[in-house]
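Since we're looking at a predicted model, the values are computed, not measured.
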Amino acid sequence: MSTTVVLGTQWGDEGKGKFTDLFAADMAAVVRYQGGHNAGHTIVVGDETFALQLVPSGILYPHVTAVIANGVVVDPKVLFEELDLLESRGIDTSKLVVSGSAHLVMPYHHEIDRLTERFLGKNQLGTTRRGIGPAYADKSTRIGLRVQDLLDEKIFAEKLDVVLKEKNQILAKIYNRLPVDAEQILADYLGEYAQRMAPRIVDTVKLLHDLYNQGQGILLEGAQATFLDLDHGTYPYVTSSNPTAGGACTGTGLGPRQIDRVMGVAKAYITRVGAGPFPSELTDEIGDLLVDRGHEYGTNTKRRRRVGWFDLPMLRHAAALNSLSDLAITKADVLDTLDTVKACIGYTVGGEYTEDWPYHQSDLHKARAVYQEFPGWKRDIGGCRVRADLPKELMSYLSFLEEKSQVAISWLGVGPGRDQVVDLRA
């Protein structure tokens, strides 16, 4: 067996959950390696839809160990609400484990996230306001509380006392807010949360290395996507962690040579949530149609997503950053009714044409997409299951994307259902 990374190549919401779920059937472990409950995966199984936030997609398979690794930030309240909901729907969650080195999202992180966005006004970043950024900030400044701290009341209380001396000053003197109640936090986190978390806390680095050495299959799933990466995304309109393939190593403790496959996932068009540059954005009736047909609203936030045509310079840059092995294209069915389909092949920046992703932020904001147009297939592809079933117009479009990106397209999503995929390698 192998270690596979599945990650997004755009601005997230590409449908990664469909493929982590598909591959999980053959895996021993499915691992979330970064992010928090600001991300969501939607999986459709028959008539049931599962919207997952913190819990790895592999939870739907009883044989899979679902791992929340050290690179994730964990809000215990959200985690246990999600587990309780899954259990109420007949899903066994007993095999989910959490890294003791993962950091905790605390109540003051939520409050500071909300206040910071409000304070920024028109310059706000469009965060989900769920405390993820402040939790990662505390991790970087080495004042964060970790999951393993729940196992030692004295350590937890001492660390909380130190951090609240700063946070309550910020809340009171900058934002004119009441201080956070330390006693309530201690009661919640050292009470129910600690009791429920304790049996799930393991050394996930050792667990994953043991599985790897036994030849077991491991699937590493990223939240968000390449262009929301803290280092390589459209900064500052990014997330607070590293969804790229390099983040899979730091977020799990597995080494680069232990990863055999990096599969990127891209929509047949593009979406993003929140502010930031978007050269191929559609603000016309075609954009509205894609939002409607693609149900382009956030899994967790319910925010309307911005939509645009497929962007090839983005894909080529994502392929380089992640050393992509192959690609899965999702939601091709959303384009079924269009007379023509477009792909961005490059940009004009200051009157000059380029097919490279703009390095400088000023150039990116000025970039105007240049398109190549393709005939639409004008046919419902939701029932297609093999390559021969697909319309020739769609295959021409996919061949063009493959040729220009130099990344093999192995899978095609043709609908939201678990079985609505076509293996293009067959």
[Y] backbone acceptor or donor facing [X] side chain under 3.5 Å:
X    : Y    : result
N242 : D229 : no
R272 : P277 : yes
R306 : G276 : yes
E14  : G12  : yes
K331 : A266 : no

Examine the side chains of [X] and [Y] and answer whether a donor and an acceptor come within less than 3.5 Å of each other.
X    : Y    : value
T93  : E87  : yes
Q214 : D210 : no
T226 : N322 : yes

Would W411 and K18 count as a side chain to side chain contact (heavy atoms under 4.5 Å, CB included) if you check the C-alpha gap in whole Å, the side-chain angles of each, and the deciding distance to 0.1 Å? CA-CA 11 Å; W411 293 89; K18 174 189 268 306; over 6 Å; no
R385/D419 ion pair, N-O < 4.0 Å: yes
Hey, are D333 and R293 close enough for a salt bridge, meaning a charged N less than 4.0 Å from a carboxylate O? no
What's the shortest heavy-atom distance between L282 and G287, and which atoms? CB-CA, 3.9 Å
Please state whether the rings of Y189 and Y193 are parallel, tilted or perpendicular, taking 30° and 60° as the class boundaries.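 Y189 and Y193: perpendicular rings.
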Classify the ring geometry of Y397 against W377: parallel below 30°, tilted from 30° to 60°, perpendicular beyond 60°. tilted
Kindly compute the distance separating CD (E281) from CG (D311), expressed to the nearest 0.5 Å.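 It is 12.0 Å, given to the nearest 0.5 Å.
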Using the rule ring-ring contact (aromatic ring centres under 6.0 Å, His included), only one of Y237, Y269, F278 pairs with W11; which is it? F278
L104 vs V147, side chain to side chain contact (heavy atoms under 4.5 Å, CB included): CA-CA, chis, key distance, verdict: CA-CA 6 Å; L104 293 167; V147 168; 3.9 Å; yes
Hey, mind stepping through D149 and K159 against side chain to side chain contact (heavy atoms under 4.5 Å, CB included) and telling me if it holds? CA-CA 9 Å; D149 294 331; K159 285 188 172 184; 3.1 Å; yes
Option from T4, T3, D326 for which side chain to side chain donor-acceptor pair (under 3.5 Å) with R261 holds: D326
Where do S241 and Y136 land on the side chain to side chain contact (heavy atoms under 4.5 Å, CB included) test, with the steps shown first? CA-CA 8 Å; S241 57; Y136 275 114; 3.6 Å; yes
Give a yes or no on whether the ring-centroid distance for H37 and H109 is below 6.0 angstrom. no
Apply salt bridge (Lys or Arg N to Asp or Glu O under 4.0 Å) to D423 and R425, showing your working. CA-CA 5 Å; D423 184 349; R425 301 167 303 174; 3.0 Å; yes
K167 and its salt bridge (Lys or Arg N to Asp or Glu O under 4.0 Å) partner, picked from D138, D161, D181: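 When salt bridge (Lys or Arg N to Asp or Glu O under 4.0 Å) is applied between K167 and each of D138, D161, D181, only D138 qualifies.
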